[in-house]
Every structure is written in C-alpha cells, then in structure tokens.
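In what follows, a single structure is set out as structure tokens and then discussed.
Reminder, nothing fancy here: chain letters follow the sequence lines and each chain counts from 1.
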2 protein chains.
Amino acid sequence: MAKAERGPRERMVFSAAQLIRRDGVASTGMREVAVTAAAPRGSLQHYFPGGKTQLVDEAVGWAGRYAADRVARFLASLPEPTPSGLFAAMVRQWTDEYEAAGFAGGCPVAAATVDCAESVPSTRKAASAAFATWTGAVARALTGMGVPEERTGALATLMISSLEGAILLARADQDVRALTTVARELGPVLDAAVRKPDGSPAGGHTGAG
Amino acid sequence: MAKAERGPRERMVFSAAQLIRRDGVASTGMREVAVTAAAPRGSLQHYFPGGKTQLVDEAVGWAGRYAADRVARFLASLPEPTPSGLFAAMVRQWTDEYEAAGFAGGCPVAAATVDCAESVPSTRKAASAAFATWTGAVARALTGMGVPEERTGALATLMISSLEGAILLARADQDVRALTTVARELGPVLDAAVRKPDGSPAGGHTGAG
DNA sequence: CGGCTACTATGACCGCTGTCATAGCCGAGG
DNA sequence: CCTCGGCTATGACAGCGGTCATAGTAGCCG
C-alpha cells in the first residue's frame with residue numbers, strides 16, 4: 001500500500017479509508033483517524049468542515065479512483081491482455097493481501113454502502129460514483145481487449161459484483177477460496193466475449209432484449 | 001416477509017436482522033431492536049445474556065437459515081428447475097423488494113461481515129456459517145438439477161458472490177440494473193454445467209487442478 | 001398463604017462519539 | 001513592533017451506546 005505521504009489532509013483521507021475497510025464506517029472514530037494519520041485532531045475540523053460525512057465521502061471517492069488506477073496498472077503490466085487475465089489480476093490483489101497480511105480489511109466502498117446507503121445520502125452517492133469509476137475503468141479495459149462495446153458494461157458489472165461478493169465470503173471464511181473460485185469460473189466466460197479475428201459471434205448474447 | 005410472530009425472543013432476533021440489514025451492525029441499537037420488536041427492553045438481557053454479540057450472531061444465523069429455506073422454496077416452485085431459473089428466482093427476490101419497497105436494506109450477513117469480521121470473532125464465524133448454510137442449499141439444488149457434484153460447490157459460490165456484489169451495487173446506485181445484469185450474464189453459464197442426457201462434457205472444466 | 005421461577009420494567013453508570021468553542025503557535029507582510 | 005491567516009491544540013458538551021443493578025409482576029406449585 002505505497003502512498004505518497006503528501007499532506008496531512010491526504011493522510012487523513014487515506015487513513016479513514018483504511019479504517020473503514022477494517023471496521024466499517026460507524027465504528028471508525030474521527031479521533032482514531034487523526035491518530036492513525038499522525039495528524040493533529042484539530043486539523044479534522046479545519047480540513048473537513050463538513051464533518052465525518054465529508055471525510056467518509058472523500059475516502060470513498062479516493063478508493064474508487066484507487067481501484068480504477070489499479071485496473072489501468074494491471075492492464076499495463078499484462079503482456080498479452082485478456083479479460084480473464086485482468087480479472088485474475090484484480091482477484092490476486094486480494095488473495096495476495098489476505099495471504100500476506102490476514103483478513104483484516106474488505107472493500108471500503110462496500111463498507112460505506114452497507115453502513116450508509118440508507119442513512120447518509122451523500123455517502124451513498126459517493127459509493128455509487130466510486131463503483132461507476134471502477135466499472136468504467138474495467139469496461140474501457142475490456143473494450144481495448146476486443147470485447148464488443150455493447151457487452152463491456154455488463155461484463156464489468158459482473159466482474160465487480162463477483163469480486164465484491166467473493167471478498168465478503170473470503171473475509172467471513174478467512175479463506176481465499178471464494179476468490180480463487182470466482183476467478184477460475186469466470187475466466188473462460190469473460191474470454192469468450194472477446195471478438196475473434198475471424199469474426200465469429202463471440203460466445204454469449206450480444207445484447208438481448 | 002411473512003413471519004410467524006411467535007415469541008418475543010424470535011421477534012427480537014428477526015427485528016435485529018431487519019435493522020442490521022438497513023443500518024449495519026454498529027448503527028443498530030439494542031433499544032431500537034426492542035422497540036421494533038414490540039418487546040420489553042428488559043427482555044434483552046433476559047433472553048440474550050451474551051449481550052449484543054449474541055443477538056447479532058443469532059440474527060445472522062437466522063438469516064442464513066432463511067436464505068437456505070428460500071432456495072428450497074424456489075426449487076419447489078419452479079416447474080422445470082434449471083440453474084439459471086434458480087438464480088433468476090434468487091435475484092428476483094431482491095429486485096422485487098427493491099422495486100416495491102425501495103433500496104433500504106441489503107443482506108444482513110454481508111452487513112455483519114463488513115462490520116464485525118475483524119472485531120468480533122464469534123460474529124465472523126456466524127457469518128461464515130450462514131454463508132455455508134446458504135451455499136450448501138444452493139449446491140444441493142444444483143445437484144438435483146444434474147450438475148456434476150464436483151462443480152456444484154464452485155457454482156454455488158459463484159452465484160452467491162455475484163448476488164451479494166450485485167446487491168451492493170444496486171443499493172449504491174438505487175437501481176436494480178446490476179442485479180438483472182448478473183442474472184442475465186450468469187444464466188447461460190450456469191445452465192451449461194448441467195450434465196446432458198447424451199453424456200456430453202457439460203461445458204466448463206470438471207475440476208481443474 | 002409462602003416460595004419459587006420466568007419475565008418485565010426502569011433507572012443509573014460509564015465510555016465513547018462527533019462537534020463546537022476557544023486559545024495558541026508561527027511565518028508573512030507591512 | 002503589530003496584525004493577519006493558516007494551522008494546531010485542548011477542553012467541554014450533549015447525546016447515545018451497551019450493560020449492570022434492582023425492583024416489580026405474573027403464574028405455577030405446594
């Protein structure tokens with residue numbers, strides 16, 4: 001989890017995301033965020049006059065951008081990009097973390113959704129935007145791999161849904177099996193959507209009605 | 001959400017599950033549970049001497065059994081059971097609720113996982129058990145539809161992961177699109193795993209290493 | 001009637017939360 | 001020197017959380 005360590009403000013947003021990932025939004029205290037970020041408590045109300053809501057919203061937005069960046073990075077690192085390869089890389093990020101550092105954290109956007117979707121409208125919107133950012137990045141990546149445009153959105157949604165759900169299962173079970181399972185099962189399905197050079201129909205419906 | 005309304009104890013567990021579904025574990029107060037269940041506050045410490053943890057754990061367990069029961073019920077209600085039909089029914093339960101009553105609630109087991117996986121070991125185990133109960137019911141249903149035994153577990157995991165993730169997306173977006181998308185995309189994949197009467201290989205790997 | 005058990009009913013306690021208010025530091029600018 | 005603004009630093013406050021302690025009720029048994 002390399003970070004630039006720039007200003008105290010960024011550190012606080014980052015720390016908030018980390019704590020939310022672990023304990024959920026409600027159980028994450030402002031004081032705790034300040035301590036974790038090695039930032040003075042007084043800076044909280046200085047940088048986030050909107051209070052906890054603003055801090056959480058920014059943490060969620062940060063997480064969305066971070067996830068989208070990772071997708072771009074995966075794409076660049078894959079020698080021969082395929083949908084299954086991208087999905088495997090996304091999943092591997094989680095299995096690697098869980099095997100190296102334990103099952104302490106989940107997805108902060110998921111946590112914000114669970115804790116705030118009904119009670120804090122702005123956070124719900126922030127979560128929706130974060131998911132959209134992430135899904136958009138995945139969909140663009142799929143387009144670049146030859147997946148027909150009318151399929152990229154649906155497949156990106158499928159990938160992220162499966163990943164998010166598998167993260168939940170893995171964390172509950174303290175076992176990465178759910179993650180490896182969805183990667184293995186979905187891989188061939190995703191690759192089947194790639195438009196073949198011979199112009200074959202590219203398995204799956206192309207936009208059912 | 002028909003319920004038997006039996007004893008006050010059951011009502012409290014049920015109400016706890018409902019509130020956790022909506023606001024998460026941390027934001028759900030014991031007093032609130034008692035009020036919602038129309039139960040006396042004093043009964044909380046009488047029936048749940050283990051405190052909030054015990055109540056939450058039981059609510060999670062209840063949710064797991066409820067989900068498994070639903071799977072069995074779906075199975076009985078489908079004239080010609082297919083994996084895609086089962087998955088569509090599971091998804092439809094959520095789209096129906098969201099369209100009828102709004103996006104107020106998610107899955108209580110997911111909420112418990114997000115809020116307590118790291119901080120409350122017993123709740124994490126309860127969530128794991130609930131997912132296992134649910135996954136087991138789905139896997140058994142798939143077996144009854146002719147899916148090879150060595151595939152049912154993985155497919156059940158895939159179904160539940162996708163469903164849970166899609167619930168998150170739907171709630172964040174306040175739009176059932178994610179749910180309908182995963183149902184549409186996964187349907188054919190699931191049906192392809194059914195062992196055909198002619199003994200064809202039943203698409204997909206049969207148990208990779 | 002007394003005694004016992006199951007359950008109900010309140011009130012108090014302590015800890016923690018987010019937020020507000022106030023005051024202090026400190027470099028820049030005049 | 002003083003002033004000002006960005007930032008820091010604490011302290012206090014009101015509210016709510018779960019939990020404990022205690023007392024009350026209802027019903028059954030003898």
dist A:R70:CZ -> A:L75:CG (nearest 0.5 Å) comes out at 13.0 Å

Bend angle of the helix from C:dC1-D:dG30 to C:dC13-D:dG18, from helix axes over five pairs at each end, nearest 10°:
0°

Rounding to a whole Å, what distance do you find between A:L44:CG and C:dT17:P?
13 Å

Length of the line joining A:H46:NE2 and D:dT8:C1', which is rounded to integer Å
9 Å

Can you measure A:L55 atom CG to C:dG18 atom P for me and round it to whole angstrom units?
10 Å

Mind checking the CE-OG1 spacing from A:M90 to A:T95? Nearest 0.5 Å is all I need.
12.5 Å

Once base and sugar-phosphate atoms are separated, protein heavy atoms under 4.0 Å mark nucleotides 16-25 of chain D, 5' to 3', with B, S and - as --BBBB----

For A:F74, what residues pass the ring pair (Phe, Tyr, Trp, His ring centres under 6.0 Å) criterion, not counting sequence neighbours?
none

Output yes when A:E185 and B:R151 qualify as a salt bridge under the 4.0 Å nitrogen-oxygen rule, no when they do not.
yes

Greater than 12 external heavy atoms within 6.0 Å of B:R9's CZ:
yes

Could you give the OH-to-P distance, from B:Y47 to C:dA9, as a whole number of Å?
11 Å

Round to a whole Å and report the spacing from CZ of A:R9 to C1' of D:dT8.
16 Å

